[in-house]
Structures are given as structure tokens and as C-alpha cells.
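Whatever order the structure lists them in is the order used to number ligands and atoms, beginning at 1.
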Amino acid sequence: MTNQTWNADDYQKRAAYVAQLGKSLIELLQPQAEEEILDLGCGEGTLTLELMKSGANVRGIDADPSMISSAREKGVNAQLQSAIELDVESEFDAVFSNAALHWIRPPEQVVEGVYRALKPGGRFVAEFGGAGNVESARSALVSALEKRGHDSRQFDTWYFPTAEEYQCLLESYGFEVRNIELYSRPTPIGEQVTDWFRNFANNFLAALPESERHSFIEEVSEQVASGLQRDEQGYLLDYVRLRFVAVKS
Ligand code: BEZ
């Protein structure tokens with residue numbers, strides 16, 4: 001589980017790129033009319049709506065109430081549910097997930113639940129942070145916490161596996177992995193590196209009292225920004241994605 005909490009309005013304003021960049025994953029899924037599809041970690045529903053354009057019957061689940069309200073306002077069939085509590089059997093033709101699996105532990109429980117939820121031959125198509133993802137931010141957060149006397153392992157809850165690790169995990173539950181790749185995708189995060197930490201690093205911030213968080217964010221942001229490249233949309237953070245297609249055999 002994670003200490004990350006969300007504000008769906010802020011997320012839409014500051015992290016719209018998450019859904020934008022996830023659109024090519026839908027092409028990989030190739031959703032078909034009338035298929036039953038689960039969008040696991042649907043967030044505020046932007047990509048779920050895109051999936052619905054195919055004519056598939058799409059259900060979104062997310063563990064965050066603010067995200068679920070926002071998705072429902074858009075007309076998405078969205079349910080408040082954690083991905084580790086999937087309790088359905090052979091119900092879906094496909095399970096889709098973008099930028100969610102790195103938040104959810106234990107990953108074994110997620111993969112087991114997805115396998116069970118799929119019909120035989122069903123596809124699991126997903127992308128999330130892989131080994132080395134946001135390493136500049138992660139190492140700055142770890143050292144800043146350690147410097148303050150905290151055991152960072154307790155708060156470093158992101159899950160960023162290698163392709164080999166994740167393939168083994170998928171296969172151990174019976175999936176046939178059709179393809180899996182780890183690729184580097186430097187991602188524009190705007191001009192305010194502090195916003196990125198405020199949006200995405202709640203797991204680390206949970207170590208600190210409210211009164212210390214501002215200076216902590218300023219410190220890690222300054223350190224990280226000095227090493228980042230920029231483009232016309234602002235700073236580029238060192239995102240690494242793990243993308244795969246696996247089939248229930
Ligand atoms: C991501 O890979 O999408 C991500 C991971 C950790 C924090 C923020 C974003």
C-alpha cells in the first residue's frame with residue numbers, strides 16, 4: 001500500500017501529460033466493441049474515456065475517492081476499489097493499466113488478481129515506472145530523509161522493477177508474456193519542480209511533520225533541478241517506463 005493521496009483537480013491541471021503520454025498504450029491494447037475491459041488505477045478517467053470510444057464496456061477502478069468522483073463526473077463507470085482486492089473471476093477480455101502499478105504493493109497480489117479476473121486468452125496491457133524511474137528525484141528524497149535521521153526504506157514505497165523481474169512475476173502466475181520493454185522517456189514536468197514533489201512524493205513526505213515539508217521540498221527540488229535538462233515545456237524528469245502485453249494462457 002502507499003501513503004500517496006490525490007487531489008483530482010490538481011492532478012488534471014498539473015499532470016495532464018500522464019494521460020496524454022499513455023494514449024499509445026491504447027493502440028497496443030486494440031480495444032474492440034463489446035469487449036469487457038477493466039481500467040486498473042483509472043485515476044480521473046481521461047484514458048478510460050478514450051477506451052470507451054472503441055465501444056467496449058469499460059469499468060474503471062481506483063483506490064482514491066477524489067479520482068473516482070472526478071471519473072464519474074466524466075461519465076465513466078468507476079468504482080472505488082484497490083487493485084489488491086480484485087475479487088472477480090474470468091470476467092474481462094482485457095485489463096489495461098497506465099501509470100498505476102508502481103503505486104500498488106504487493107505486486108504479486110495485483111498480478112494474481114488480474115490473472116483471475118481475465119477470461120482465458122484475455123490480455124493484460126500496462127505501462128508503469130520501471131527500474132531507474134525518476135532516479136534523480138528518488139535519490140534526492142532518500143538522502144534528504146536519511147540526513148534528517150529517517151530510515152528511508154520505510155517511505156520509499158514506489159515499485160520500479162526491471163523487465164526481467166516483472167516478466168518472471170507475470171509468468172509465475174501463468175501469463176504468457178508477448179512483449180515487455182523498459183525504455184527511457186524523459187518527461188516534461190513544467191517549470192516548478194516543487195509541484196512535482198508536492199503531487200507525487202507523499203509517500204516520502206509522510207515521514208515529516210507538516211511544518212518541515214516546505215523546506216524539505218525546496219531542498220530536494222533545488223538539488224534535482226540543477227541536474228535536469230529542459231525543453232520548451234520546462235524541466236525534463238528522468239522517467240523510465242516498463243510496458244508489456246501478457247496473455248492469460
Ligand atoms: C510515474 O512513473 O508515473 C511516477 C512514479 C513515481 C512518482 C511519480 C510518477
Side-chain angles (χ1 to χ4, degrees), residues 1-8 10-26 28 39-48 60 62-64 66-67 83 96-107 110 125-145 152-163 165-166 180-190 192-207 213 216-217 220-221 223-225 227-228 233-244:
M1 295 298 283
T2 174
N3 282 310
Q4 182 69 36
T5 54
W6 302 101
N7 175 304
D10 279 357
Y11 186 85
Q12 268 180 158
K13 275 186 229 132
R14 298 211 175 98
Y17 59 85
V18 176
Q20 275 299 329
L21 293 167
K23 277 190 182 172
S24 64
L25 193 62
I26 295 183
L28 198 61
D39 183 0
L40 188 156
C42 64
E44 34 68 58
T46 303
L47 282 181
T48 329
D62 202 285
D64 188 272
S66 153
M67 293 294 193
F96 172 90
S97 182
N98 180 56
L101 297 175
H102 46 251
W103 296 113
I104 311 166
R105 285 180 183 270
V110 178
V125 177
E127 178 169 305
F128 65 109
N133 193 36
V134 299
E135 187 52 38
S136 58
R138 189 183 206 169
S139 57
L141 287 161
V142 165
S143 0
L145 273 195
S152 64
R153 284 170 303 180
Q154 219 185 310
F155 303 97
D156 185 1
T157 50
W158 292 329
Y159 173 61
F160 300 145
T162 63
E165 272 165 12
Y166 208 71
I180 185 160
E181 63 168 330
L182 187 74
Y183 68 98
S184 163
R185 192 200 65 196
T187 299
I189 58 164
Q192 304 299 327
V193 178
T194 48
D195 281 349
W196 189 90
F197 283 104
R198 253 182 227 111
N199 261 340
F200 291 122
N202 286 347
N203 45 343
F204 288 90
L205 297 177
R213 292 184 187 174
F216 179 84
I217 289 174
V220 290
S221 300
Q223 190 187 329
V224 168
L228 293 182
Q233 295 175 70
Y235 289 100
L236 291 168
L237 194 57
D238 47 353
Y239 276 57
V240 175
R241 312 318 278 166
L242 184 60
R243 172 180 278 218
F244 64 89

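Close contacts between ligand 1 and Trp103 involve ligand atoms 7 (C), 8 (C) [criterion: under 4.0 Å to a heavy atom]. With ligand atoms numbered from 1 in the order given, ligand 1 contributes 1 (C), 2 (O), 3 (O), 9 (C) to contacts under 4.0 Å with heavy atoms of Tyr239. Near Trp196, the atoms of ligand 1 lying under 4.0 angstrom from a non-hydrogen atom of the residue are 7 (C), 8 (C). Annotation for ligand 1: atoms under 4.0 Å from non-hydrogen atoms of Asn133 are 1 (C), 2 (O), 4 (C), 5 (C).
A distance-only check finds no donor-acceptor pair linking the side chain of Asp39 to the backbone of Leu47 [under 3.5 Å].
Phe128 meets the ring-ring contact (aromatic ring centres under 6.0 Å, His included) test with Tyr166; sequence neighbours excluded.
The shortest N/O to N/O separation between Trp158 and ligand 1 does not fall below 3.5 Å. At least one N or O atom of Arg241, backbone or side chain, sits closer than 3.5 Å to an N or O atom of ligand 1.
The minimum heavy-atom distance linking Ala100 with Leu40 is given by the pair CB-O, 3.8 Å.
Glu165 and Tyr159 are not linked by any side-chain donor-acceptor pair at a separation below 3.5 angstrom, with hydrogens and angles left out of the test.
Among residue pairs with one or both ends in residues 153-163, those qualifying as salt bridge (charged side-chain N to carboxylate O under 4.0 Å, His left out) are Arg138-Asp156, Asp151-Arg153; sequence neighbours excluded.
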